[in-house]
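Notes follow once the structure below has been shown.
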Protein chains: 2
Amino acid sequence: MNRVREYRKQVGISQFALAEKVGVARQTINLIENDKYNPSLKLCISLAEELGTDLNTLFWKVDEES
Amino acid sequence: MNRVREYRKQVGISQFALAEKVGVARQTINLIENDKYNPSLKLCISLAEELGTDLNTLFWKVDEES
DNA sequence: GAACAATGTCAACTATATATGACAAAAAGA
DNA sequence: TCTTTTTGTCATATATAGTTGACATTGTTC
């Protein structure tokens with residue numbers, strides 16, 4: 001799991017708005033949030049920048065604590 | 001620019017050896033080191049793990065200091 | 001300087017990230 | 001309740017990440 005949804009909600013925007021900001025389709029954001037695939041590095045970086053955070057925070061070893 | 005080459009040399013292995021460890025072709029490593037394309041998140045994570053570092057260190061805002 | 005390892009690069013192929021359009025269901029607001 | 005926004009999901013299409021095989025070049029090491 002990644003923390004895109006969590007940070008998007010914190011910023012208070014919809015999947016559609018985030019998609020526009022980073023220049024992809026809304027469906028792409030939806031699939032990423034639901035871990036349905038494997039985004040490119042560029043997109044990950046855009047997401048981190050748009051959400052005011054960084055790669056590690058969004059994508060590095062974000063298993064929920066067991 | 002990313003810091004894959006730098007960390008690979010630090011670990012002391014060839015592009016070929018690193019490619020085998022992360023399960024891609026040698027050319028893929030070569031292209032990434034030379035910024036010829038945009039790897040997937042999964043591959044970035046494998047690289048970071050194999051090189052004993054993390055996403056931010058390898059890929060986050062690694063412009064050479066100006 | 002011959003032999004070998006490591007790297008850069010090309011062309012052709014396959015797999016998959018991402019786009020587009022559409023529809024239904026859930027959530028939020030009036 | 002009705003309306004609108006947001007989210008999940010499907011199917012088809014396109015762009016590009018990643019593969020495979022090959023060859024030339026640049027080190028190393030003997």
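Small disclaimer: the values here were computed from a predicted structure and weren't measured. In what follows, every chain begins at residue 1, and chains take the letters A, B, ... in the order their sequences are listed. Hydrogens, waters and symmetry mates play no part in the numbers below; they use all other heavy atoms, side chains included.
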Identify all side-chain donor-acceptor contacts of residues 23-30 of chain B below 3.5 Å with residues at least two apart in sequence or on another chain.
{"from": "B:Asn30", "atom 1": "OD1", "to": "B:Gln15", "atom 2": "NE2", "distance (Å)": "3.2"}
{"from": "B:Asn30", "atom 1": "OD1", "to": "B:Asn34", "atom 2": "ND2", "distance (Å)": "3.3"}

Can you sort out the partners of B:Glu49 under side-chain contact (heavy atoms from CB on, under 4.5 Å), two or more places apart, ordered by chain and number?
A:Trp60, A:Lys61, B:Ile45
Using the test salt bridge (charged side-chain N to carboxylate O under 4.0 Å, His left out), find all partners of A:Glu33 that sit at least two apart in sequence or belong to another chain.
A:Arg5, A:Arg8
Mind running a 4.0 Å heavy-atom check of residues 18-25 of chain B against DNA chain D and sending the residues that fall below it, in number order?
B:Gly23, B:Val24, B:Ala25
Would you tell me if any nitrogen or oxygen in the side chain of A:Asn30 comes within less than 4.0 Å of OP1 or OP2 on D:dG8?
yes
Could you tell me which residues satisfy side-chain contact (heavy atoms from CB on, under 4.5 Å) with B:Ser46, sequence neighbours excluded, listed by chain and number?
B:Val22
Contact check, side chains of A:Leu41 and A:Leu55, non-hydrogen atoms, under 4.5 Å
yes
Transitive ILVMFWY side-chain link B:Tyr7 to B:Val4, under 4.5 Å
yes
Table of protein N/O atoms under 3.5 Å from nucleotides 12-15 of chain C N/O atoms:
none

Are A:Phe16 and A:Leu51 linked, directly or through other ILVMFWY residues, by side chains that come within less than 4.5 angstrom of each other?
no
Identify each atom pair where a protein N or O and an N or O of nucleotides 3-6 of chain D are less than 3.5 Å apart, giving names and distance.
none

Rounded to the nearest 0.5 Å, what's the gap from CD1 on B:Ile32 to OG on B:Ser40? Could you check?
8.0 Å
Verify the contact: side-chain N or O of B:Arg5 to OP1 or OP2 of C:dG8, cut-off strictly under 4.0 Å; return yes or no.
yes
Test salt bridge (charged side-chain N to carboxylate O under 4.0 Å, His left out) applied to B:Glu6 - qualifying residues, sequence neighbours left out:
B:Arg3
At their closest point, which heavy atom of B:Thr53 faces which heavy atom of B:Leu58, and how far apart are they?
CG2-CG, 3.7 Å
Main chain of A:Phe59, side chain of A:Asn2: is a donor-acceptor contact present, judged purely on distance under 3.5 Å?
no
Find the bend of the helix from C:dG1-D:dC30 to C:dG29-D:dC2 as the angle between its two terminal axes (five pairs each), to the nearest 10°.
60°
In residues 31-45 of chain B, which ones come under 4.0 Å of DNA chain C, going by heavy atoms?
B:Asn34, B:Lys36
Criterion side chain to side chain contact (heavy atoms under 4.5 Å, CB included) on B:Leu47 and B:Leu18, from CA distance to verdict:
CA-CA 8 Å; B:Leu47 287 170; B:Leu18 179 55; 3.9 Å; yes
What string of B, S and - do you get for nucleotides 22-30 of chain C 5' to 3' if you count protein non-hydrogen atoms under 4.0 Å?
B--------
Under the side-chain hydrogen bond (donor to acceptor under 3.5 Å, both in side chains) test, residues paired with B:Glu20 that sit two or more places apart
none
